[in-house]
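In what follows, a structure is listed as structure tokens, so that the remarks can point back to it.
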Amino acid sequence: MPNTVKITPELVAEHGLKPDEYERILKLIGREPTLTELGIFSAMWNEHCSYKSSKVHLRGLPTKAPWVIQGPGENAGVIDIGDGLACVFKMESHNHPSYIEPYQGAATGVGGILRDVFTMGARPIACLNALSFGAPSHPKTRHLVSGVVAGIGGYGNSFGVPTVGGSVRFHSRYDGNCLVNAMAVGIARADQIFYAAASGVGMPIVYLGSKTGRDGIHGATMASAEFGADAEEKRPTVQVGDPFSEKLLLEACLEIMAKGCVIAIQDMGAAGLTSSATEMGAKGDLGVTLDLDKVPCREEGMTAYEMMLSESQERMLMVLKPEKEQEAEAIFRKWGLDFAVVGETTPTKRFVVKHQGEVMADLPIIELGTEAPEYKRPFVSLAKLEEIEADTVQAPVDTIEALEKLIASPDLCSKRWVWEQYDHVIGGNTVQRPGGDAAVVRVEDGPKGLAFSTDVTPRYCEADPFEGGKQAVAECWRNLTAVGAKPLAITDNLNFGNPEKPEIMGQFVGCVRGIAEACKALDFPVVSGNVSLYNETHGRAILPTPSIGGVGLLEDFTKSATLAFKCEGEAILLIGE
Amino acid sequence: MKARVTVTLKTGVLDPQGKAIEGALRSLGIEGVASVRQGKVFDIELEGTADRAKAEELLKQAADKLLANTVVENYSVQVLG
Amino acid sequence: MKARVTVTLKTGVLDPQGKAIEGALRSLGIEGVASVRQGKVFDIELEGTADRAKAEELLKQAADKLLANTVVENYSVQVLG
Amino acid sequence: MKAAVLVFPGINRERDMARTLKLVSGHEPAMVWHAETALPAGTDLVVVPGGFSYGDYLRCGAIAARAPIMKAVHDFAAKGGLVLGVCNGFQILCESGLLPGVLMRNQQLKFICRDVYLRVERSDTPFTRGYNAGQVIRVPVAHGEGNYIADGETIARLEGEGRVLFRYSSPDGLVDPNWNHNGAINGIAGILNDGGNVLGMMPHPENHVEAIVGCTDGRGLFAGLTDYLGQAA
Ligand SMILES: Nc1ncnc2c1ncn2[C@@H]1O[C@H](COP(=O)(O)OP(=O)(O)O)[C@@H](O)[C@H]1O
């Protein structure tokens, strides 16, 4: 694709940029962008990367506590768990890709969140997930459930991390838009956490992992666009996960980190090379020049545009200590992975992309992030449903029948079918397996243990977003305390409909405020998270679903409590109101 | 009636298996292999019916509905008689 | 040069995937399928050499050494040119 | 005990195995990279651990079975050295010809992770001397392709020569299809080679050696091996 393509309003629209956003670009760079540059802006300024609708509200979340080492803004959040160790964790959605190709969509979602965690120098010790599907009777549901569950298992089992918990729900409002939220947790030495910010001028930028293909081009844009009726026809290139390569990438990364080779590291997630390179530069207050001729490609004739937007999986970008380059390369070759110096840091604060001797992009690197549009979208709170007096409602069925109905309902029935497809014992540290209130995993050789739980009740969030947000946090807190853990921090995954609709924005704002309120009250900070908007089909939004993933600490894992009754004749106590 | 449905990955779709096999062939000393892509075959025995066109129709249905994941795979149908 | 190696299960070897697919096709309402056996194809790109005989030799080696488990599988080799 | 744990790319239960060997025998095993051509001097037990060597691409264990280190393992086994393959390790041993048969997709075509019951068929082997014949143990499985098959003649030989060491069973030792979670012929979960020195098994005894993270039923296997090798030394 030549650098001379005329940028038409249609082309701008195809890139998901609104006319006023395009005006902003023209003002920022003082000329018409090249096609590659337009692609870079579309990737950086879409909802997924820029959080343009949600940012103002997310600022209200509490993110600090004495035990927080790193709050939101890096690949994952980091908390101190004592003994010189840190717990690194995050949750992220892969909703739209999973609806289009459930196995690969879910698998690459797990792969992405695992990379976020080990990029920071942590060895993953557990995965969880929160899944929302349409009504069990909907014709697509069965296919989605079996594909998503197999995909999550397929990736995590092969990668070698236990999947220890999660949640599954069914509701017709997810018929055309399932939710796949994956959480990963890792352990690192607290004094050896790795960040994205580059430092030093003239440092080699190294490309690691698998080769770049034409996977998921426009994927990042897709993740922010509402599904129309033609979604099934316009099937974008699907990303295929390769857990084997990712396992090699993990071992190689941890090895070169231990050898002290790494200055900065960033996972290539959505918007691949573009977001990883600009983030490393911008965070380090440096420019970056990339030479795309050096990028390992899987397919022939890839253009600069395609390379910059490719979402091929299992790739990383790193800034290496120059004197350690050879050592690092030898380690990567040993693991059979690609290793290429593809650029360097510069003092110019510009993001320069060269390909075949031509400059394909030359943009101000800091502004690419900071000048992204930010919206204070109008929001309305829907009238609250009228409160119902409990005594005025007649029991529709007798108690036993009601109990049987509840136990048999898809939301409450046993999820064994799901979690038996996940290896939940690998590592030999799973103290409490799926099936309880929270999973418990021993930390190294003990005596500490970590507890994890994912929670939210979307119908509460719809009835009253503020109370629903609070309740999700409180439920997570309760699940952690129920196994004997001290709750420390959460990650959140906020799944909502189209934020351009004031009532949806109202749900979002209400839930976020509720989460903030509960987190403040409980001293339970948010250290990482993810927002997924535009979860709509034919204009109908999903239920507001802010998934909460909580982490708690047990000083002695052998003292964790399980939910099973232990013997006959014991007293049963009810605690609380 | 015997038939074969062959399912292959679309061009450009990552094939981790093929890649691993390429590497393994090389380290076994088998030289000259530029690339490997892995696919599936389904050998299907059909009941009765000597009507080829009908058989093909049936196999296409089977491929579309189940045997191939048309998001990432192509298929071809061969009635062997 | 392009080639295809097709690997199929030997007769008599149980094929759980094939069995499951048979069942699934039936429950999808696709009638008339008596049996399904699943196999693999490897689409292999060979470097240089226009020598078919040599190419076939190479592919047989690849199949014997790696691509097929000859305890339970048969293979066939096709040079497509 | 001088154990060597093989490490292939994609293997992921090598740490579990190494920790268990250390815990039960008191000795740290050597981790041996797939590209090596010799085992450490004095090795008296080779362990091929579980995982997804080479992603389980092509066939489970197929690519690993052809790695350089496997030649040394063949030589070691031919001289009577003890070899234990667990899960992917079992698949690798079958693919390499050290054990007969093949592990196919689980009957229900799904990966299954759960605790299963195994009936220990014999206690007069180096691997099972820590158990009583007929004893039932509980250990986890975690695999998608553990459905053991072999031709009729091979099965007859395995059965006739008492080379089936573990079978999926009910908690009271009944071998019955309801307790056979993957469809393996005769409920076979673990077999010996004809020399009696190579064992392959699908379940993970190394994950059940501590009461607090499951149970200790897997310990007997490692304790028995330690005892046997201790006496031999
Ligand atoms: N997707 C999943 N992955 C792993 N475990 C799951 C999943 N869904 C449910 N579980 C496990 O099943 C158990 C019950 O889940 P759920 O019905 O959501 O109960 P609760 O409302 O108590 O959280 C929990 O222990 C949970 O970890």
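Each chain gets a letter, A, B and so on, in the order the sequences are listed, and its residues count up from 1.
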task = Just give me the residue among B:Leu67, B:Leu59, B:Val7, B:Leu28 that pairs up with chain C most often, heavy atom to heavy atom, under 4.5 Å.
result = B:Leu28
inquiry  = As an exercise, state the distance from CD of B:Glu47 to OG of C:Ser35, rounded to the nearest 0.5 Å.
reply    = 9.5 Å
ask   = Quick one: are C:Arg4 and B:Thr8 in side-chain contact, heavy atoms under 4.5 Å?
value = yes
key: Side chain, backbone, both or neither of B:Glu31 within contact of chain C (heavy atoms, under 4.5 Å)   = backbone
message = If we define contacts as heavy-atom pairs under 4.5 Å, which of B:Val41, B:Leu25, B:Thr6 has the most with chain C?
response = B:Val41
request  = Carefully, step by step, assess C:Lys65 and B:Ile30 under the rule side-chain contact (heavy atoms from CB on, under 4.5 Å).
outcome  = CA-CA 9 Å; C:Lys65 281 201 187 170; B:Ile30 295 173; 4.2 Å; yes
query = Can you tell which of C:Gln17, C:Glu45, C:Gln61 has the highest number of heavy-atom pairs within less than 4.5 Å of chain B?
reply = C:Glu45
remark   = Distance col, row B:Gln38:CD vs C:Lys40:NZ, nearest 0.5 angstrom, shows 6.0 Å
query = Near C:Lys2 NZ, under 6.0 Å, is it more than 12 heavy atoms from other residues, nucleotides or ligands?
reply = no
ask   = Is any side-chain heavy atom of C:Val36 less than 4.5 Å from a side-chain heavy atom of B:Asp43?
value = no
